[in-house]
Amino acid sequence: AERRARMAAESLLQQKQRELSSANRKLGEHAKLLSEEIIEKRQEVRIVRSQAEKLKGQNTKVREDLDRATKQAVVAERRLWDAIETIQDGFAVFNGKDQLVIANRAYLAMFDGLDGVRPGVTFPDLLDLMVDEGLVDIGHQDPVKWKDFMVGRWDHDPIEPLTLKLWNDSYVKFLDRRAHDGDMVSLALNITDTIRHERELAEARDRAEAAARAKTAFLANMSHEIRTPMNGVVGMSELLIESSLDEEQQLYAETIRNSAEALLVIINDVLDYSKIEAEKLVLHPEAFDLERAINEVLVLLQPTATDKGLELLLDFDLFLPTRFVADPGRMRQVLTNLIGNAVKFTTEGHVLVRVTGYPEEGNNSNYTLHISVEDTGIGIAEDKIEAIFGEFNQVEDERNRKYEGTGLGLAITQQLVELMGGEIWVDSELGEGSCFGFQVSVEAEDVPAPDSMKIPEGLRSAMVVDDLPINRTILEKQLTAMGLTVTTHSNADAALADNPEHVNMVLVDHSSMDLDGLTFTQKLRARGCNTPVILMTANPSFVSQAEGANNLFAIMQKPLLRRDLYERLRELGLWLASAPAPAPQPITTQEPELQRMRLLAAEDNKTNQLVFRKMVKSLDLDLEFANNGREAVDAFKSFRPHLVFMDISMPEMDGKEATRTIRTFEAGLGMERTPICALTAHAMDGDDQGILAAGLDFYLTKPLKKAAILDRIRQHVPEGVIIEPEDSAAAVA
Ligand code: ADP
């Protein structure tokens with residue numbers, strides 16, 4: 001039992017030892033784990049500590065930055081405030097509860113140093129102060145209502161600017177704006193000077209307008225007053241001209257009438273202009289023949305155009321009605337101004353009036369008309385174009401100086417067109433020409449039936465002979481529209497070569513550089529061709545008396561009226577349809593006998609022309625005047641004078657150059673040298689050499705002496721011609 005007990009004790013002991021060693025082992029393992037953990041923690045602590053060190057450094061920098069920024073902000077605020085204090089206008093900020101936060105001195109000055117005005121005071125309190133202390137002039141407004149209005153004003157966004165008058169007669173304009181954080185920023189601009197200025201300007205303007213009205217009234221009165229006696233002058237000189245006067249008196253009377261008429265034109269312009277200015281001009285619309293009106297204006301201007309060698313052309317759209325409702329007088333005035341200017345400012349080429357138009361949508365009897373006046377004149381520089389519609393505006397340059405005018409024409413024209421509800425414009429190129437156009441909307445009185453312009457059966461084909469391409473185009477267009485087959489030629493030779501026998505009629509231009517309609521017709525008849533010829537001319541009465549006029553079927557005034565042309569062609573068509581081919585008409589080919597001496601005098605001054613005419617009055621001569629050298633050359637070619645008197649200094653082309661040109665022309669044709677006598681004011685030594693070198697044969701100095709002139713003429717009378725009426729010849733002898 002003892003052994004067993006011992007053995008049991010031993011095994012127990014062993015077991016306990018095992019348990020102990022196992023516990024030991026676990027303990028060891030645990031200790032190891034712990035120590036590892038400690039190492040790890042220590043490392044973490046080290047990292048954290050180093051991070052903390054770093055942060056500490058950063059923190060210091062941030063604090064330094066903050067310090068610097070704060071300092072800068074203080075400086076910036078001080079600067080801003082200095083600036084705000086410096087400006088002359090008031091500046092204030094209120095917080096969200098409308099309490100004054102800050103205000104500059106200018107703002108506070110409005111309150112004239114009142115104690116209550118300091119930060120913290122509310123806006124309504126400030127308003128109370130302003131009213132109570134009489135700081136603001138609210139006129140007759142109720143103070144309570146005014147304050148309510150002022151307070152309510154701040155609730156708007158944006159807030160309308162507001163101007164107040166203050167106690168010291170100054171004016172302040174308030175510009176207020178609510179900032180994002182609810183603050184109210186208020187700017188008070190002192191606009192006293194501006195207001196005073198505006199008031200002065202308004203007063204000045206009123207004074208100027210009153211003066212302008214007085215001026216217009218004065219002009220209108222004056223013009224009217226002048227017009228009455230001027231009408232007397234025109235009327236009486238008219239009567240005088242009709243009474244029995246000798247040639248010289250006739251000339252004087254005509255000069256009086258022409259001058260008076262020219263003056264009347266100017267006065268009428270001024271009167272019209274004043275009326276338009278005073279808005280007193282009223283239009284009187286009525287139906288009238290527009291085409292005829294344009295034609296009449298053209299016919300009136302025809303003599304001037306012919307003198308200058310200009311072609312006047314009218315292209316009135318064939319399918320356009322003729323009668324329209326508008327103020328005929330004013331329409332004529334617009335046309336006269338535009339066409340008159342075109343003729344005035346053109347020295348060679350043509351003036352073309354073009355009328356086109358179309359019915360307006362929705363109302364077929366209403367037409368939009370486009371009327372343009374195109375010339376080949378001096379043109380207008382681009383930078384001058386704007387100004388020409390202004391009153392008293394004339395293009396000031398070398399080319400323009402020689403033209404007379406008031407500078408009112410276009411101003412009136414523009415106003416009239418605008419009064420008609422239209423629009424006017426211009427297109428121009430310096431040295432090339434101008435095109436003035438206007439557009440108006442007018443009611444048409446007669447709308448033509450589409451085929452009312454058809455020509456009777458007998459007439460199917462026509463030949464147009466005209467040297468001017470535009471005229472050929474216009475006629476071709478019109479004749480084609482009337483149902484004819486048209487051929488066109490620019491000169492007689494080409495037309496003669498193109499079998500004029502095979503057309504039903506020939507429409508030929510009377511006279512131009514390369515074409516003489518009468519000679520052409522004579523040539524036709526000479527070769528037995530009796531195609532009817534209609535001759536177009538600017539001067540029908542002259543042509544009708546000319547040799548060979550009986551060869552013509554008709555003579556028509558240029559520019560042709562559509563209706564006249566149509567009527568003539570209709571007659572011709574009827575006649576061709578009914579008549580047998582007429583026998584060729586006899587033609588006379590002999591040259592007109594040389595009966596009178598032809599004398600050309602080139603002289604730009606009208607008075608000198610008059611004097612010259614007077615001096616040679618006693619002689620039986622054909623005397624023609626040219627107003628400048630270029631006209632002299634043209635006249636020389638067409639008039640073929642026996643003797644030329646040539647002024648030396650003339651506009652456009654002087655006498656020497658004109659003579660040189662004439663000499664070249666003579667040489668080209670193998671003509672005999674025509675005697676040319678210079679008229680010169682320069683009686684200086686050596687001058688004569690230049691004159692003779694230019695091809696002139698003699699010279700006379702001004703002032704002209706009658707005896708010297710007559711002597712010179714008598715020396716060059718062509719053979720067989722008598723220039724002295726019987727008795728005076730005897731007297732001379
Ligand atoms: P004016 O009485 O001088 O003709 P307008 O008012 O009719 O006055 O014209 C003003 C100016 O416009 C003219 O003086 C001229 O310089 C310019 N002008 C008008 N029409 C023409 C034209 N067809 N060609 C060139 N210049 C023109």
Closest heavy-atom contact between [X] and [Y]?
{"X": "Pro143", "Y": "Val131", "answer": "CB-CG1, 3.7 Å"}
{"X": "Phe316", "Y": "Pro321", "answer": "CE2-O, 3.5 Å"}
{"X": "Asp269", "Y": "Ile412", "answer": "O-CD1, 3.1 Å"}
{"X": "Leu430", "Y": "Gly379", "answer": "CD1-O, 3.9 Å"}
{"X": "Ile339", "Y": "Val351", "answer": "CG2-CG1, 4.3 Å"}
{"X": "Asn104", "Y": "Ile84", "answer": "ND2-O, 2.8 Å"}

Trace of the side chain to side chain contact (heavy atoms under 4.5 Å, CB included) decision for Met420 with Arg330: CA-CA 9 Å; Met420 293 176 192; Arg330 297 302 175 183; 3.8 Å; yes
Taking the side chain as everything from C-beta on, heavy atoms only, tell me whether [X] gets closer than 4.5 Å to [Y].
{"X": "Ile371", "Y": "Leu290", "result": "yes"}
{"X": "Thr413", "Y": "Phe438", "result": "no"}
{"X": "Glu37", "Y": "Leu33", "result": "no"}
{"X": "Asp65", "Y": "Arg68", "result": "yes"}
{"X": "Leu264", "Y": "Val234", "result": "yes"}
{"X": "Val325", "Y": "Val442", "result": "no"}
{"X": "Val426", "Y": "Phe389", "result": "yes"}
{"X": "Leu162", "Y": "Lys173", "result": "no"}

Could you tell me whether a side-chain N or O of [X] sits under 3.5 Å from a main-chain N or O of [Y], the two making a donor and an acceptor?
{"X": "Thr192", "Y": "Tyr171", "value": "yes"}
{"X": "Ser428", "Y": "Gly433", "value": "yes"}
{"X": "Asp327", "Y": "His284", "value": "yes"}

Pairs touching residues 74-91 that satisfy side-chain hydrogen bond (donor to acceptor under 3.5 Å, both in side chains), sequence neighbours left out: none
Does anything in residues 138-164 pair up under side-chain hydrogen bond (donor to acceptor under 3.5 Å, both in side chains), and if so which pairs, sequence neighbours excluded?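 Checked against side-chain hydrogen bond (donor to acceptor under 3.5 Å, both in side chains) - neighbours excluded - the pairs reaching residues 138-164 are Asp128-Lys147, Arg153-Asp176.
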Rounded to the nearest 0.5 Å, what's the gap from [atom1] on [X] to [atom2] on [Y]? Could you check?
{"X": "Asp315", "Y": "Ile294", "atom1": "CG", "atom2": "CD1", "answer": "10.5 Å"}
{"X": "Glu291", "Y": "Asp317", "atom1": "CD", "atom2": "CG", "answer": "10.5 Å"}
{"X": "Glu432", "Y": "Ile378", "atom1": "CD", "atom2": "CD1", "answer": "12.5 Å"}
{"X": "Leu314", "Y": "Ile474", "atom1": "CG", "atom2": "CD1", "answer": "7.0 Å"}

Tell me whether the count of non-hydrogen atoms from other residues, nucleotides or ligands lying under 6.0 Å of CD in Glu261 goes above 12. yes
Does atom CD (Glu382) have a neighbourhood of more than 12 heavy atoms from anything else shown, all under 6.0 Å? no
Test side chain to side chain donor-acceptor pair (under 3.5 Å) applied to Asp272 and Gln415, step by step: CA-CA 10 Å; Asp272 270 345; Gln415 306 249 33; over 6 Å; no
Between [X] and [Y], does any side-chain N to carboxylate O distance fall below 4.0 Å?
{"X": "Arg323", "Y": "Asp289", "value": "no"}
{"X": "Asp67", "Y": "Arg63", "value": "no"}
{"X": "Asp169", "Y": "Arg196", "value": "no"}
{"X": "Glu296", "Y": "Arg332", "value": "yes"}

Check the pair Thr356, Tyr367 against side chain to side chain contact (heavy atoms under 4.5 Å, CB included), reporting the backbone distance first and the verdict last. CA-CA 10 Å; Thr356 55; Tyr367 276 72; over 6 Å; no
Member of Thr376, Leu301, Val343 meeting the side-chain contact (heavy atoms from CB on, under 4.5 Å) criterion with Leu310: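 Of the listed residues Thr376, Leu301, Val343, the side-chain contact (heavy atoms from CB on, under 4.5 Å) partner of Leu310 is Val343.
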Modelled atom types, side-chain donor and acceptor of Glu360 and Thr368, under 3.5 Å: yes
Judged by modelled atom types alone, do Thr322 and Arg562 share a side-chain donor-acceptor pair under 3.5 Å?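 There is such a pair (donor and acceptor under 3.5 Å, judged by atom type) between the side chains of Thr322 and Arg562.
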Contacts of Asn168 that satisfy side-chain contact (heavy atoms from CB on, under 4.5 Å) - sequence neighbours left out: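 side-chain contact (heavy atoms from CB on, under 4.5 Å) check on Asn168 returns Leu166, Ser170.
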For Tyr107 and Phe91, I'd like to know if the aromatic rings sit close, meaning centre-to-centre distance below 6.0 Å.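 Tyr107 vs Phe91: aromatic centres not under 6.0 Å.
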